[in-house]
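Residue numbers begin at 1 in each chain, while the letters A, B, ... track the order of the sequences.
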Amino acid sequence: MADPRSGGSLRYSQDVAVEGMWHARIVRSPYAHARVVSIDGSALPENTVLLTPDDVADLSMYGCQIRDEAVLSRGEARFVGDPVAVVAAPTRRLADAALALVEVDYEELPAVFGIEDAVADGAVLVHERHHVSENDAAYFGIRPVDGSNVCHRFRIRHGDVEAGFAQADVVVEETFTTDGAAHVPMEPHATLARWTDDGRLEVWSGTQTPFNVRMDLAAIFGVDQSRVRVVCPPMGGSFGAKTFVRLEGLAAATARKAGRPIKMVLDRAEEWQTLNRHPSRITVRLGAKADGTLVAKTVTCHADTGAYADCGPGVAQKMGFAAPGPYRIPNVHVDSHCVYTNAPPNGAYRGYGQMQSIWASERTMDIMADRLGIDPLELRLKNLLREGDAYATGEVMHDVAFEECLRNAAEAIGWNEGREGKGLCVLMKGMQTPSRASVAVDALEDGTYRVRCATVEMGQGARYAIRTMAAELLGVGVDDVSFPDPDTDVSPYDTRTTSSRSTHMMSRALVEAVRNLREDGRTGVGEVADQGGLDPDTGQGIASSHWHQGAAGAVVEVDEETGSMKVRHVHASVYAGKVVVRAAAELQNEGSIIMGLGTSLFESIDFADGQVMNANLSDYNVPSITDLPRITHDLVEREGAPVHGLGETALPPIPAAIGNALQSFGIRPRSLPMTPERILDAIDERDAQAGTRELEAAE
Amino acid sequence: MTGAATHWHAPRSLREALDLREDYGDETVVVAGGTFLGVLINNGVLAPEAMLSLRDVPELRRIEIGRELTLGAMVTHREVENHPEVRRLWPALAHMFSLVASPRIRNRATVGGVLADADYASDPPSMLAALGARVVLEGPRGRRELPVEDFILGLYETAIGSDELLTSVVVPGGHEAAVYRKFRTRSHEDRPCVSVAAARHSGRLRVVVGAAAMQPQFFPDVCGMGASPREIADEYAGRIDALSDARGSAEYRRRVVAVEVRRAIEETHHG
């Protein structure tokens, strides 16, 4: 049977159509911060509907972690692209034409860009107050700093860093940055909303978070969650871009006014105005004894979340709790901040903030190795967390595989045959904690089975993996297990399809569901809940019920006259525990590595006064097949081990492995992406320092 | 595009195309492969009421090979890249076309289109200028030829009259050496940050730098001064008024020019 994706028969979220639907386009602010003075739709032809802030004045504020968003922003645009009105017409073409006819008058207001300016004294405040959301995505202690642009700050306090640094023979301190990046799913955001005759809201949407969207829609319209239904057709990619409320509130509000179903599909350029990856600035201070024993570490993270928090507080939290790295360090302080600016919102992106802090921390490890004169592999092996060790959060590590992954990566790139041009990185990465997953398995009259599950398909192969696991438990073939589109009316609750949790969580929930099905004969429901969470002021507790573990190695060459770098080989080693569908698991590794290469080499959103200057795929480059080096990877399995998530693990270590390969030439990149120009600057810096040292030696 | 209807002229001969051009002038946008216009229209930058497509004009699709190479305006990048005789006799030219974007683009993008766009970051202009190529323009006053470096006047600005069409490009043959170096800072499919084309013909060197400034940079006096590759490269780096974009700052481009011009000239000695 041909895969419906390759045969063209798969119906994606942008293909959903219902009778009588109209198409809507968003009127967006051209200013980074402005008050909407007036909206004039008088030039619109008949047969169009214009949604303005007056139409949504009765709706409530929303936001998955901070309630800082309103449908149409209540007339105050906070980024270039902030929706200020919606226009709908019978066809997409007519809606496009109508879009150009809406006249909006703005009064421009002062705006703030970049982390440094946003946290400066007297900075323009993007939001006056920060209200923590009641959505269950606000699952941790959110600590906004009122009167500032900081909408969450997270801390780890472990040991006594002052005393730790006092014991250190060598202390290194460096600041690292990462640029914003775009997810670039092949399919853009797409949503269809309609109100039923009895006043229920039904939404078909390409989203990774059906239950969170239902919760926020219920809050926006002031109805019970049972009055909202969210259905999730397959997506043509997401990578975190399609999480939480994006178009759903706008489509539902427009449908309410139009009295008919409303469909919205974004243009490619609008993707850059919808959700991007957090730019970051991270300062690491690391202390070690002369023998390489790590004794103290402080990390200060800032994540630029743009004009609305979205899940930025969670991103900053994970950025913070991944920052200590998979090492035994007795004294660790982390301070992580989520900061508002007048940029388009930044949110979940494959790896969820952890790439940024892994980049900073693992680059620092190689700088430390250089200072100590210790091989970077040896320095890591000496300090790695082992079975039964406690992490900086106090949680005890089990099922530990860091050393195996790291050794695999080192071996794959020929670490022992000379380390010129080679670099390594090892990582730990958290999974959504706490979280709950439930699944139902129905025995159908024709002898086949149906899985009701809220895990969404976005190209990662989750449905096939879950069908495979169910079939194995049921003792039938995969084709005898069906998996209809997730639907909050019939699929039991699941936290969301993020953080590489679905295969891991559902593998456990399915065992119980199939056991209950055997007892009931018709239906079995299984549910697992992982407890945990951290004290936001001390970072103590359970950061992750399940840690993703991996490592990467890279081999590079550099043209020292131009800074042009050629990546020759990248290897990633990922702890899988148990592989469910090998081909899909391997594709996750390869996809993660390729995204990691884009982040390493050239992906960067170019802003000018808050405006994205490269919102197209000619000016914003993603890796093409011709950009790929030799890519190898392995999946580490263990007898009796549980299924581990692996949808993202191979992405975060790639930039640091490449950066550390440059470090082997004495080149110290500190900013992502590592463009040839930045590498040439780092070469100049190295040569200037060598010149200074020679002068000093001569004196 | 945004709803407005477009009138589409599709002449089937060069005569018909030239007549339409004379009648409508710049009111009607001439479209060749459409790879650039398509982006402008999709992004709403351009909403032409009428377009003149050269797609069905057979005279513009010819490749003629003699002492010189004549490429019709509608010959695609891919056709040049894959043409066995062009590859044998003008290897640097074929190689340069093979480096543009991706096969999808090269199957559509044309030789005439890329010259008429006069985008600073395109590959072909610098190579064609280094080879001493001439652009052929035809209109009511007849036919005229201009060297590529005189044809491109600035960013998106050329010497095409509002009643003329670019019909072909003529590339001299018999070069002792020709080299194209495409220096990228991002994806392999990206446009160059700096490109350097160098060619020797009858002992004379022509070095043209592309993508570094608003138009191809050619300094005949520097090429003719008989200096070392490094001296010529440094002179180019000093003279070029480099631009900044997402592919590199002006300062970075000048450093790359100094390196890549030297390397290109050295290659013409060895290649």
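Looking at B:S249, both its backbone and its side chain come within 4.5 Å of chain A, counting heavy atoms on both sides.
The environment of CZ in B:R230 is sparse: at most 12 heavy-atom neighbours from other residues, nucleotides or ligands sit within 6.0 Å. Surrounding CZ of B:R239 are more than 12 heavy atoms belonging to other residues, nucleotides or ligands, all under 6.0 Å away. A 6.0 Å sphere centred on CG of A:D40 holds more than 12 heavy atoms belonging to other residues, nucleotides or ligands. The environment of B:E27 atom CD is sparse: at most 12 non-hydrogen atoms of other residues, nucleotides or ligands sit within 6.0 angstrom. By the 6.0 Å contact criterion, CZ on B:R55 is open, its count of non-hydrogen atoms from other residues, nucleotides or ligands being 12 or less.
Checked by atom type and distance alone, the side chain of B:R186 pairs as donor or acceptor with a backbone atom of A:D619 at under 3.5 Å. B:Y252 contributes a side-chain N or O that, together with a main-chain N or O of A:T562, makes up a donor-acceptor pair within less than 3.5 Å. Between the side chain of A:D627 and the backbone N or O of B:S187 there is no donor-acceptor pair closer than 3.5 Å.
Looking at B:E189 and A:V622, their side chains never come closer than 4.5 Å, going by heavy atoms from C-beta outward.
Across all non-hydrogen atoms, the minimal contact from B:T185 to A:P676 is O-CD, 3.4 Å. The nearest pair of heavy atoms linking B:A246 to A:D606 is CB-OD2, 4.2 Å. Shown here for B:F183 and A:S564, the closest heavy-atom pair between the two residues is CE1-CB, 3.8 Å.
Here A:E677 does not pair with B:R253 in a salt bridge; the nearest charged N to carboxylate O distance is not below 4.0 Å. Using a 4.0 Å cut-off between a side-chain N of Lys or Arg and a carboxylate O of Asp or Glu, A:E561 and B:R255 do not qualify as a salt bridge.
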- prompt: Going through the checks in order, is the side-chain contact (heavy atoms from CB on, under 4.5 Å) test met by B:R184 and A:N621?
  reply: CA-CA 12 Å; B:R184 306 169 185 85; A:N621 283 192; over 6 Å; no
